[in-house]
> 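Structure provided below as structure tokens; questions to follow.
Numbers here simply count residues along the sequence, with the first being 1. This is a predicted model, so every value here is computed, not measured. Counting starts at 1 for both ligands and their atoms, following the listed order. Worth knowing before you read on, the calculation uses all heavy atoms, side chains too, and leaves out hydrogens, waters and symmetry mates.
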Amino acid sequence: MLDFHAHVLPGADHGSDGLKTSLRQMALAEQAGIDVLIATPHFYPQRDDFGRFLWKRKATLAELQENYRGSIRLMAGAEVHMCVGLDHLDGLEELCVPGTRVMLCELPFHSLPAGITETFERLMEDWEIVPVLAHVDRYDPVVIENLFGLGLLGQLNAEPFIHRFRRHRLLPWIDQGRIVALGSDIHGTEIGYTQYRKAVDYLGDRFRTIDARARELIKAAL
Ligand SMILES: [Fe+2]
């Protein structure tokens with residue numbers, strides 16, 4: 001099972017306060033059956049220094065890799081907060097899953113800024129980046145379906161699948177091929193992978209379809 005969205009790098013963001021927490025997160029992932037985990041620390045282009053982000057991600061990934069003794073294949077991408085003009089950032093490909101052009105993009109929660117669809121289009125056309133919208137379950141479905149119409153793909157968090165009345169509406173997006181990844185979006189260790197396991201059990205064959213899509217999308221990294 002592939003976890004496409006996880007905050008497990010020690011001290012890289014608020015997902016883990018240090019190595020002890022990160023090692024516990026990795027142990028929980030392994031117990032749940034995860035074999036590939038993409039660490040996705042938050043990157044806020046309007047606030048964070050890009051060079052410093054890359055340095056910190058590299059250092060925290062190395063710290064975890066040096067101390068983790070388990071079998072999960074660990075790699076680091078980013079959860080990139082979308083803003084207008086992101087396509088002007090030099091070295092943008094460093095935010096993708098390593099060895100691919102696949103980028104996990106987080107939409108602003110309240111409303112989409114004017115010009116954001118043009119930014120997505122330039123990412124896809126000029127940079128040949130494949131944006132994957134993070135946790136599309138959290139947003140207004142009308143907004144998400146408009147973005148799917150542009151050719152964008154989506155990632156679902158495990159969390160909505162524990163809610164009997166919320167999960168049904170997500171199934172058509174899976175069946176229409178718009179969902180290419182499931183993520184734990186793990187922060188800390190309290191919830192761990194309990195929601196992820198429940199999502200896998202609920203989704204059944206649909207989970208296997210999503211997992212296969214994720215592996216196909218990032219096959220250059222595997
Ligand atoms: Fe996240």
> I want to know whether His7 and His42 have ring centres closer than 6.0 Å.
yes
> What N/O/S atom of His5 gets nearest to the Fe ion (ligand 1)?
NE2
> Confirm or rule out an N/O/S atom of His7, from backbone or side chain, lying less than 2.8 Å from the Fe ion (ligand 1).
yes
> With sequence neighbours excluded, what pairs up with Phe50 under the ring pair (Phe, Tyr, Trp, His ring centres under 6.0 Å) test?
Phe43
> For the Fe ion (ligand 1), what is the closest N, O or S atom on Glu79?
OE1
> Only N/O/S atoms count here: what is the atom of Asp185 closest to the Fe ion (ligand 1) called?
OD1
> Under 6.0 Å between the ring centres of Tyr44 and Phe53?
no
> In terms of side-chain geometry, is the basic nitrogen of Asp211 or Arg215 positioned less than 4.0 Å from the acidic oxygen of its partner?
yes
